[in-house]
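Naming convention: chains lettered A, B, ... in sequence-line order (proteins, then strands); numbering from 1 in each chain.
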Amino acid sequence: MLRLHDTMTNTVRPLALRDEGKVSMYACGPTVYDLPHIGHGRYVLVWDVVRRFLISQGLAVTFVSNITDIDDHIIERAAEHGRTEQDVAQEFEHAWFSAMDLLSVLRPDAVPHATAFIPGMVALLERLLASGVAYQTSDGVYLDTSKIADYGVLAGQPLDQLRAGARIETHPEKRSPLDFALWKAAKAGEPSWDAPFGAGRPGWHTECVVMSLDLLGEGFDLHVGGQDLKFPHHENERAQAVGDGRVFATHWAHSGWVVVDGEKMSKSLKNFTSLTDLLARCDARAYRLLCLQSHYRAPVEVTPETIAQAEAALQRLDNLARRFRLAPIGPQPVVLSDAEVDPELLQTFVEAMENDLDTPRAFANLALAVSAANASADAGDEEAAGRGLAQSVAVLLAALGITLRSGLGEVDATAQDLARSRDEARARKDWATADRMRAELEALGYTVEDRNGETSLSR
RNA sequence: GGUGGCGUGCGAGAGCGGCCCAAUCGGACAGCCUGCAAAGCUGUAAAAUCCCCGGUUCAAAUCCGGGCGCCACCUCCA
């Protein structure tokens, strides 16, 4: 079983499944008020890899990830552009999923929208108010964090320290600076929903509890997200569930962030690139590979240079697929028990992955297999051991969400003729003509390689 | 102020007590292969303080203590 770092216990421990053979997993999704940026891409890739790996091991994974389609940013953006909140949310949700598709990130099994779960949230708040865990102020409903016994477990610091560090603007009606808004009372011109405790809209932390518990049930297996969601967001989600007397996620995992020149990529530092822009400029698989080559909890440096390095590494992998004429696998998930994979390679792969998702080591092992496959082909063993290894590499990469491209697609008639003429020229040792034809083919966008004395084309 | 983390070749980035004179990828150079290429393989240089100092140990990049430097979280943030 996969062993993952658990934020709550600060240990690496095996996933303990509520139902045998089934994994229930929740990731906080985007607030759709702007284009996704590279940091979103990384966390999404990390958890997609986890999900795919669990599936590859034969587990039935239910993955839920929400869309926050109402919040301050969306309202602000709508007001700026004279549009409705719904309109803004739809635009950026569309941009989000376009990017996800380019990245080969599997769609969640369910994509709950906050605005579709308001009644559940209202019901939760009524219960929390009734039991005294929440209280009402003139501008909404707040959670009384002092009523939550182990508040602060995810933050990993003592309560008084959290309070001391709280730099939130003072709010006279809040009982503690740590208390957070569950419901924001309606303001003129802003969207709102009716509720017994006054019209308004939900606070950010409220949606995820309601949606995750609704769709996955109490005590679901794994709640994931970026490190910066640990506190306050995840802490506050959990506080509401605990305050409601319910068992929340039993395992919490957090991924590291994207860094530029050693600094976290963020909007305020203006050092971010939108994911949409990145994917327009590079092979989306390269970004996945770059993320795979570092550990998911460590920061990863994303610059044009590191992307170019990953693209070069990918090229070598694609070359392998071309050499052995491998059929593409993916992007749908792979179940490894159904695939033919070199047993030794499979074992090292699974061992690395199960060890807190050691993708760098898993990839290093695959790279070794790539060399071995090529070497045995060089030795004239193209159809036996070499091919089996190459195929195994392709399967395991597919299990990580990377589909190799052989580039051996349709070659049009002109190119075929040229290739044939070139072979004739080469047979006569007319190198000048042959080289001119090679240049022509390259100009047409083909990669030209001589294989077994014949011109081999790919692109 | 508190909490967590990090510091490994030219770049990225593993390793977390012996198998490390430090994986893997990218880059450089050379050889083999090729008519020449491309692809590929092999090898070489690159970390002689694995930030520094001290300690534990038969054994430390890895553990402990102390420095120095950097980052993040404690506020919307993946």
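Distances from the side chain of Ala298(A) to the nucleotides C41(B), A39(B), A14(B) place A14(B) closest. Closest to the side chain of Trp257(A), out of A14(B), A39(B), A78(B), is A78(B).
In this structure, Arg422(A) places its CZ atom 8 Å from C1' of A37(B), rounding to the nearest Å. Here the P atom of nucleotide G2(B) and the CZ atom of Phe231(A) are 18 Å apart, to the nearest Å. For the pair Met437(A) CE and A38(B) P, the interatomic distance rounds to 21 Å; values are reported in whole Å. The CG atom of Asp318(A) sits 11 Å away from the P atom of G40(B) (whole-angstrom rounding). Atom CZ of Phe363(A) is separated from atom C1' of U24(B) by 7 Å (rounded to the nearest Å). Atom P of nucleotide A14(B) and atom CG of Leu290(A) are separated by 11 Å, given to the nearest angstrom. The interatomic distance linking Asp378(A) (CG) with A38(B) (P) rounds to 15 Å, in whole Å. In this structure, the CG atom of Asn374(A) is 9 Å from the P atom of U42(B), given to the nearest Å.
Atom C1' of U34(B) sits at a distance of 14 Å from the matching atom of C41(B), rounded to the whole Å. With both ends at atom P, the span from A23(B) to A59(B) equals 25 Å, rounded to whole Å. With P as the reference atom, A60(B) and G67(B) are 24 Å apart, rounded to whole Å. Distance check on atom P: A39(B) versus A30(B) gives 16 Å, rounded to whole Å. Comparing the C1' positions of G13(B) and A61(B) gives a spacing of 14 Å, expressed to the nearest Å. Annotation: G15(B) and G2(B) have their C1' atoms spaced 32 Å apart (nearest Å). Annotation: C76(B) and A72(B) have their C1' atoms spaced 16 Å apart (nearest Å). To the nearest whole angstrom, the two C1' atoms, one in G9(B) and one in U24(B), are 14 Å apart.
Between Arg422(A) and Asp435(A), none of the side-chain N atoms (NZ, or NE/NH1/NH2) sits under 4.0 Å from a carboxylate O, so this pair counts as no salt bridge. A salt bridge links Arg405(A) with Asp283(A): the distance from a Lys NZ or Arg NE/NH1/NH2 to an Asp or Glu carboxylate oxygen falls below 4.0 Å. By the 4.0 Å N-to-carboxylate-O rule, Asp109(A) lies close enough to Arg51(A) to be salt-bridged with it. For the pair Asp34(A) and Arg77(A), the salt-bridge criterion is met [side-chain N within less than 4.0 Å of a carboxylate O].
When all heavy atoms of Asp358(A) and His295(A) are compared, the pair lying nearest together is CA-ND1, 4.3 Å.
Pairing for C29(B) goes to G43(B), judged as Watson-Crick or G-U wobble with the two contacts each under 3.5 Å. Here C73(B) sits opposite G2(B) as a Watson-Crick or G-U wobble pair (both hydrogen-bonding atom distances under 3.5 Å). U34(B): no Watson-Crick or G-U partner with both key distances under 3.5 Å is found in any strand. Under the Watson-Crick or G-U wobble criterion, with both distances below 3.5 Å, G54(B) is paired with C64(B). Across all strands shown, C20(B) remains unpaired; no Watson-Crick or G-U wobble contact has both distances below 3.5 Å. Base pairing analysis places A14(B) opposite nothing; no Watson-Crick or G-U wobble pair with both distances below 3.5 Å involves it.
Dashed line: the shortest gap from a side-chain N or O of Asn319(A) to OP1 or OP2 of A39(B) is not under 4.0 Å. Close to A39(B), at under 4.0 Å from its OP1 or OP2, lies no side-chain N or O of Arg322(A). Close to C73(B), at under 4.0 Å from its OP1 or OP2, lies a side-chain N or O of Lys264(A). For G13(B), neither phosphate oxygen OP1 nor OP2 lies less than 4.0 angstrom from any side-chain nitrogen or oxygen of Ser294(A).
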List the steps, then state whether side-chain contact (heavy atoms from CB on, under 4.5 Å) holds for Lys230(A) with Glu235(A). CA-CA 6 Å; Lys230(A) 263 200 291 212; Glu235(A) 188 77 57; over 6 Å; no
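Nearest-nucleotide mapping onto RNA chain B: of Glu305(A) and Arg426(A), the residue sitting toward the 5' end is Glu305(A). Across the interface with RNA chain B, nearest-nucleotide mapping of Ala375(A) and Asp71(A) shows Ala375(A) to be the residue nearer the 5′ end.
For C36(B), the base has a donor-acceptor partner in the side chain of Asp450(A) [N/O atoms by modelled type, under 3.5 angstrom]. Between the side chain of Arg438(A) and the base of A38(B), no donor-acceptor pair under 3.5 Å is found. The base of G35(B) is paired with the side chain of Asp435(A) by a donor and an acceptor separated by under 3.5 Å. Between the side chain of Gln309(A) and the base of G11(B), a donor-acceptor pair under 3.5 Å is found.
You can call Trp431(A) stacked on the base of G35(B); the centres are under 5.5 Å apart and the planes sit within 30°.
Here Gly256(A) lies in heavy-atom contact (under 4.0 Å) with a base. Backbone-only engagement by Leu368(A) is indicated by non-hydrogen atom pairs under 4.0 Å involving sugar-phosphate atoms exclusively.
None of Tyr26(A), Phe63(A), Trp47(A) except one satisfies the ring-ring contact (aromatic ring centres under 6.0 Å, His included) rule with His223(A); the exception is Tyr26(A).
The cationic group of Arg387(A) does not satisfy the cation-pi geometry with Phe324(A), failing either the under 6.0 Å distance to the six-membered ring centre or the 45° limit from the ring axis.
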